[in-house]
Amino acid sequence: MPPRPHPTLRQRRLGTELRRMREQAGLSGSQLARALGMSPAQVTQMETGKIGISADRLRTIAAACKCANQPLVDALTGLVATRGKGWWEEYRGVLPTDFLEVAEMEAHAHKLYTWATTYIPGLQQTSAYASAVFARITPPLPRHDIDVRTAFRVQRQHVVRSGKTPYVSFIHEAALRMQFGGPKVLADQLGSLIEDSAQQALSVRVVPFDMDTFPGAGENIMFAEGPVPELATLQMDTAQGVLFFDSPADLASHRTTFARLDALALSEDDSRKFIRSLEDEMKGKYE
């Protein structure tokens, strides 16, 4: 089977974890190749996600690397066993790969956290708000592209609105006040957030302006918990596109960020009251 030309995020992550396993064992690629009866080139392709491996081969690799972390090995075996294409694959070649990789990450997450400081998280945006966010991109996107991106963003939301995946959303007051699309669009968006907050598996927490300090200022990030802590993924939005991080140091740092946000943010009830007051304020601008 020829190498995959474009490994998915999940395939690359499996390869990254295999490389880490090898490096922690103090083995070179050539040494592992000899132990497995493979060529060094095959090991490289395996660790970059360009070729797949079986569950049996994965366990053989773990044994060769003397990996004693059985929960991690079992979780990686689960990655290998996952087959089939996700709904996002329908958009391959239509949307940037970043969009598809975010959807793939969300679909396999065991729990999701977001921290937004400049706009409402994508998993909670109304169609009108999302469309306004995409319309502000420079250079301007054609109307068709805006509509496709908006439809994709709304479809992504099923993973949390269905209750399938627990979701905690921390939103700074600055994001709640940013008027993408004007006061009517924002008022409707705030009303939607209030509805979201009533869902059992979805928590909305506000960090108001009058908070003395808060972690992650200026960041818009998502933290996706995996089946084991080692397989969490951090996703960050930047002006240049989407970035993904999975190093133990990055994961530990942002777990601390979310723990601090949990301690600082308003309670769920107080957050609802806060959002409702902003909704009333926005309604006053057009009614």
Does the side chain to side chain contact (heavy atoms under 4.5 Å, CB included) test come out yes or no for M21 and L76, once each step is laid out?
CA-CA 11 Å; M21 190 182 293; L76 292 175; 3.7 Å; yes
Hey, any chance V206 and V160 share a hydrophobic cluster, counting ILVMFWY side chains that come within less than 4.5 Å of each other, even indirectly?
yes
Side chain to side chain contact (heavy atoms under 4.5 Å, CB included) assessment of L58 paired with L79:
CA-CA 10 Å; L58 189 148; L79 292 186; over 6 Å; no
Using a strict 4.0 Å threshold on nitrogen-to-oxygen distance, state whether R149 and D145 make a salt bridge.
no
Check I171 against A175 and note the closest heavy-atom contact, atom names and distance.
CG2-CB, 3.8 Å
So does S39 get a backbone contact from the side chain of Q42, meaning a donor-acceptor N/O pair under 3.5 Å?
yes
Return each pair, listed once, that meets ring pair (Phe, Tyr, Trp, His ring centres under 6.0 Å) where at least one residue sits in residues 221-256; pairs must be two or more places apart or across chains.
none
Looking only at heavy atoms, which two atoms of N220 and A116 are closest? And how far apart?
OD1-CA, 3.4 Å
Ring pair (Phe, Tyr, Trp, His ring centres under 6.0 Å): which pairs involve residues 122-156, sequence neighbours left out?
W87-F152, Y91-F152, Y129-F180
Flag the pair V207 / L264 as yes when at least one side-chain heavy-atom distance between them is below 4.5 Å, and no otherwise.
no
Answer yes or no: is there a donor N or O on one side and an acceptor on the other, between the side chain of T77 and the main chain of A55, under 3.5 Å?
no
L243 side, atom CG; T238 side, atom OG1 - distance, nearest 0.5 Å
4.5 Å
Hydrophobic cluster membership, Y167 vs V154, 4.5 Å side-chain cutoff
no
Hits for salt bridge (Lys or Arg N to Asp or Glu O under 4.0 Å) against R10, two or more places apart or cross-chain, chain-then-number order -> none
Report yes or no: do L9 and L14 belong to one cluster of Ile/Leu/Val/Met/Phe/Trp/Tyr joined by side chain heavy-atom distances under 4.5 Å?
no
Distance, nearest 0.5 Å, that separates CH2 of W115 from OG1 of T257
10.0 Å
Once you round to the nearest 0.5 Å, how far does CE of M282 lie from CD1 of I275?
13.0 Å
Are the side chain of T117 and the backbone of E219 linked by a donor-acceptor contact shorter than 3.5 Å?
yes
Identify whether the distance between the nearest side-chain nitrogen and carboxylate oxygen of R92 and E89 falls below 4.0 Å.
yes
Quick check: does any side chain N or O of R205 sit under 3.5 Å from a backbone N or O of D262, one acting as donor and the other as acceptor?
yes
side-chain hydrogen bond (donor to acceptor under 3.5 Å, both in side chains) filter on R12, not counting sequence neighbours, yields E101
Quiz: residues 65-72 side-chain donor-acceptor pairs under 3.5 angstrom, not counting sequence neighbours:
{"from": "N69", "atom 1": "OD1", "to": "L72", "atom 2": "N", "distance (Å)": "3.1"}
{"from": "N69", "atom 1": "ND2", "to": "E230", "atom 2": "OE2", "distance (Å)": "2.9"}
{"from": "Q70", "atom 1": "NE2", "to": "D74", "atom 2": "OD1", "distance (Å)": "2.9"}

Closest non-hydrogen atoms of K283 and A187, given as atom of the first, atom of the second and distance, are CG-CB, 4.1 Å
Restricting to pairs with a member in residues 44-57, which pass side chain to side chain donor-acceptor pair (under 3.5 Å), not counting sequence neighbours?
R22-E47
Do the rings of F258 and Y113 sit parallel, tilted or perpendicular, given the 30° and 60° boundaries?
tilted
Output all residues satisfying side-chain hydrogen bond (donor to acceptor under 3.5 Å, both in side chains) with R177, sequence neighbours left out; order by chain, then residue number.
E173, E281
Under a 4.5 Å cut-off applied to non-hydrogen side-chain atoms, are R59 and V73 in contact?
yes
Spacing of T8 atom OG1 and L100 atom CG [to the nearest 0.5 Å]:
10.0 Å
Who pairs with K273 by salt bridge (Lys or Arg N to Asp or Glu O under 4.0 Å), at least two apart in sequence or on another chain?
none
Test side chain to side chain contact (heavy atoms under 4.5 Å, CB included) on D98 and V102 and set out the steps.
CA-CA 6 Å; D98 287 355; V102 171; 5.6 Å; no
Using the salt bridge (Lys or Arg N to Asp or Glu O under 4.0 Å) rule, take E23 and R20 through it: C-alpha gap first, then chi angles, then the decisive distance, then the call.
CA-CA 5 Å; E23 291 175 345; R20 285 184 180 141; over 6 Å; no
For a quick test of reading the model, state the closest non-hydrogen atom pair linking K164 to P166 and the distance between them.
O-CD, 4.0 Å
Could you tell me which residues satisfy side-chain hydrogen bond (donor to acceptor under 3.5 Å, both in side chains) with E90, sequence neighbours excluded, listed by chain and number?
none
Residues R276, D280: salt bridge by 4.0 Å N-O rule
no
Distance (rounded to the nearest 0.5 Å) between L193 CG and S197 OG:
8.0 Å
Run the numbers on R143 and S131 for side chain to side chain donor-acceptor pair (under 3.5 Å), then give the verdict.
CA-CA 9 Å; R143 184 70 245 177; S131 182; 2.7 Å; yes
I'd like to know whether NE2 of H158 has more than 12 heavy-atom contacts from other residues, nucleotides or ligands below 6.0 angstrom.
no
Looking at Q157 and L123, what are the two nearest heavy atoms and their distance?
CG-O, 3.2 Å
Do Y119 and D237 get their side chains close enough for a donor-acceptor pair, meaning under 3.5 Å?
yes
Under a 4.0 Å threshold between the charged nitrogen and the carboxylate oxygen, would R255 count as salt-bridged to E225?
yes
Report yes if the side chains of V242 and F99 come closer than 4.5 Å at any heavy-atom pair, otherwise no.
no
Kindly compute the distance separating CD1 (I120) from CD (Q125), expressed to the nearest 0.5 Å.
7.5 Å
Not counting sequence neighbours, which residues clear side-chain hydrogen bond (donor to acceptor under 3.5 Å, both in side chains) with R156? List them please.
E106
Connecting only ILVMFWY residues whose side-chain heavy atoms lie within less than 4.5 Å of each other, what is the rest of F209's hydrophobic cluster?
none
Does T150 reach the main-chain N or O of I146 with its side chain, forming a donor-acceptor pair under 3.5 Å?
yes
Please name all residues satisfying salt bridge (Lys or Arg N to Asp or Glu O under 4.0 Å) with E195, sequence neighbours left out, ordered by chain then number.
none
Does the side chain of R153 reach to within under 4.5 Å of the side chain of V133, using non-hydrogen atoms?
yes
Okay, side chain of R13, backbone of A232: is any donor-acceptor separation there less than 3.5 Å?
yes
Can you confirm whether T97 sits close enough to H6 that some side-chain heavy atom of one is under 4.5 Å from a side-chain heavy atom of the other?
no
Closest non-hydrogen atom pair, P229 against L251:
O-CD1, 4.2 Å
